[in-house]
Amino acid sequence: MIALGPVGASLGGVALFAGSGLGLAELSPALRRIPLARRLGYSYLLGLVAVAGALYALSHFAAVPLRAPAVWTIAAALAGAGLGARMVRVVRVVRVGRAGRSPSIQDDVTPRRSLVSRLGGAVPLACFGVMAIVCCGLLAEAATNPEMDWDGRMTWSTQARYIRAAGTVDAEVLRNRRWSVTHPQYPLLLPVAQVAVLEAFAQGEDSHAYRALYVGCFVAWLLVLYDGARRLAGRIPAALAVLFAALVPFFAHGEGGAFSAYSDLPLAGFYGAALALLLLGPRRLASGWAAGLFLAGAVLAKNEGLLLAGVVLALAAGRALAALRAAGREHGPGPAARRLVRRRLLGTAIAGALAIAALALLVSWRAGVPNREDEAYLSRFGLADLWPGLVSHFYVLARACVGRMITYMDWTTFWWMIPAVLAAGRRRLPLVLLAAAAAPPAIGWLAYAVNPQPAFVASVTWDRFLLQASVPLMLLVAGALADILQRRRRARTPPRELAPTAR
């Protein structure tokens, strides 16, 4: 246990998850080869899932108390494992070098370059400067002011208080029906993460030091978005897309954004990180378990996280099979193509296994928690109610959703500019990303269709589904920007003079 003030505990909580995640990233070749600045985004989310998920499982299955010794033991084990793996690789490279042979593994050290050249030029550097100012302002606000949002105080932070007081995720107040609890079966990953921060740094029950972990999720979300957009579209389009996202008011200040204690922003990060690794990342088996941890985080963060995990797995498997079909159109799939597809499918299967393990934990925990004061969407789903609800509520839902998207204080002109950018760069719109971006809003509409008050629920939750879809959506924007910039460069480039023909 380390006793710090609120500001120190806020920064310490961010460092706790980032350090644990960096240790895990060292165990994955797919992650440790990513430059450190971009790797920090994946590492923070990995650390959040690993520390909070391990506490969740150990508390439920082994009755390990949610106290500082358990938090520091898990964090130290993760960081120590990564440090040990790093030292083993360094020793191996040194030995191979002394033997006069070329190293058989890639060294992670790259030649030193200036900051401007590493970021890709003046435009990305300026974008990152603005984003740094935004993130520092968010962190300062979170470290110095208490939580003010609605659902965060009503649901997730209240659950964190319950389980911290009981020292277990199986708190009596959740498991006993006589207690009035709002949404008692909501997954507890983020409340457990709040408890981990408060316990690790000896904070009182009224401390708001846990708020900084959500700002850390905002920074990680931006870094994951930049990494995926850079692979897809290049440096300048990626930097512009991320700057565009960082300046949207809702992502920072809305109910679900960095200022709040909702689980939607972490879910958007988990969903986007898994997509980036399985669809845009290197084709290594190590990507499978890392993406699986992100999918596990999605399952344990919110109810709709399970559906989003299924979307990621379906898209990854479908893309692998499509690659095999494309390779076999002309000459038949060769051995190299079959091996590549098998590796992709095996990586997807590993990710799915970790998501299933997280689902097993969630189902086991929920078995002892009677549901009450909840919409109970799953019990309402049925074709007899779903289709009539979609048809009869279409107008009121469309009106409520569009009304939220044109709210200037939350979105400014974001939803006016997105269609224009995508239309201008329409040649760079991968269908797999279109499907990934459409999945969260589609889940929202299905839930609204079976709700007795669809317009009201849509007016207060639609923004959150848009937030969950933000990473694939902004990847599409980056691809469109790349197409626009490429065509602009071609228009400015004068045609080459024809070489004189020989007479």
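The shown structure was predicted, so the numbers you read here are calculated from the model rather than taken from an experiment.
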Please report the interatomic distance [atom1]([X]) to [atom2]([Y]), rounded to the nearest 0.5 Å.
| X | Y | atom1 | atom2 | value |
| --- | --- | --- | --- | --- |
| Leu225 | Leu275 | CG | CG | 11.5 Å |
| Tyr271 | Leu308 | OH | CG | 5.5 Å |
| Ile74 | Leu78 | CD1 | CG | 7.5 Å |
| Leu31 | Leu277 | CG | CG | 5.5 Å |
| Leu46 | Trp289 | CG | CH2 | 6.0 Å |
| Thr461 | Arg404 | OG1 | CZ | 10.0 Å |

**Asked** Picking from Tyr214, Trp221, Phe244, Phe218, what satisfies ring pair (Phe, Tyr, Trp, His ring centres under 6.0 Å) with Phe251?
**Response**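 The single option meeting the ring pair (Phe, Tyr, Trp, His ring centres under 6.0 Å) with Phe251 is Trp221.
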Looking at [X] and [Y], what are the two nearest heavy atoms and their distance?
| X | Y | answer |
| --- | --- | --- |
| Leu295 | Ala274 | CD2-CB, 3.5 Å |
| Val299 | Ala309 | CG2-CB, 4.1 Å |
| Leu138 | Ala252 | CD2-CB, 3.8 Å |
| Ile350 | Gly288 | CG2-C, 4.0 Å |
| Val215 | Leu139 | CG1-N, 3.8 Å |
| Val421 | Ile484 | O-CD1, 4.0 Å |

**Message:** Is it the case that over 12 heavy atoms from other parts of the model lie below 6.0 angstrom from the CE atom of Met154?
**Reply:**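 Atom CE in Met154 is crowded, with more than 12 foreign heavy atoms closer than 6.0 Å.
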**Request:** Apply side chain to side chain contact (heavy atoms under 4.5 Å, CB included) to Glu304 and Asp264, showing your working.
**Result:** CA-CA 10 Å; Glu304 56 266 36; Asp264 297 276; 4.2 Å; yes
**Asked** Can the ring centroids of Trp445 and Phe394 be said to lie less than 6.0 angstrom from one another?
**Response**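 Yes, the ring of Trp445 comes within the 6.0 Å limit of the ring of Phe394, centre to centre.
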**Test of ring centre spacing under 6.0 Å for Phe128 and Tyr226** =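 Ring-ring flag for Phe128/Tyr226: true, centres closer than 6.0 Å.
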Heavy-atom donor-acceptor pair, [X] side chain to [Y] backbone, under 3.5 Å:
| X | Y | value |
| --- | --- | --- |
| Arg89 | Glu26 | yes |
| Tyr210 | Pro191 | no |
| Ser364 | Leu361 | no |
| Ser459 | Ala400 | no |
| Ser28 | Ala25 | no |
| Glu255 | Val460 | no |
| Arg211 | Phe259 | yes |
| Ser470 | Leu466 | no |

**Message:** Pair Arg231, Leu279 - check side chain to side chain contact (heavy atoms under 4.5 Å, CB included), show working.
**Reply:** CA-CA 11 Å; Arg231 299 182 191 191; Leu279 300 181; over 6 Å; no
Side chains of [X] and [Y]: closer than 4.5 Å at any heavy-atom pair?
| X | Y | answer |
| --- | --- | --- |
| Leu431 | Leu434 | yes |
| Tyr44 | Leu213 | yes |
| Tyr56 | Trp365 | yes |
| Leu232 | Leu476 | no |
| Arg464 | Asp151 | yes |
| Pro440 | Leu267 | no |
| Arg366 | Pro187 | yes |
| Leu45 | Leu293 | no |

**Asked** For the side-chain contact (heavy atoms from CB on, under 4.5 Å) test, which of Trp415, Trp411, Trp416 pairs with Ile406?
**Response**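 In the set Trp415, Trp411, Trp416, the residue that makes a side-chain contact (heavy atoms from CB on, under 4.5 Å) with Ile406 is Trp416.
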**Request:** For side chain to side chain contact (heavy atoms under 4.5 Å, CB included), just list the numbers for Leu22 and Leu36, CA-CA rounded to whole Å, side-chain angles, deciding distance to a tenth of an Å, and then say yes or no.
**Result:** CA-CA 9 Å; Leu22 282 172; Leu36 178 62; 4.1 Å; yes
**Asked** Given the rule in the side chain to side chain contact (heavy atoms under 4.5 Å, CB included) test, do Leu247 and Thr412 qualify, once you have shown the distances and angles that lead to the verdict?
**Response** CA-CA 10 Å; Leu247 296 179; Thr412 62; over 6 Å; no
**Prompt:** Taking NZ, NE, NH1 and NH2 as the nitrogens, is one of them in Arg153 or Asp149 under 4.0 Å from a carboxylate oxygen of the other?
**Reply:**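 No salt bridge links Arg153 with Asp149.
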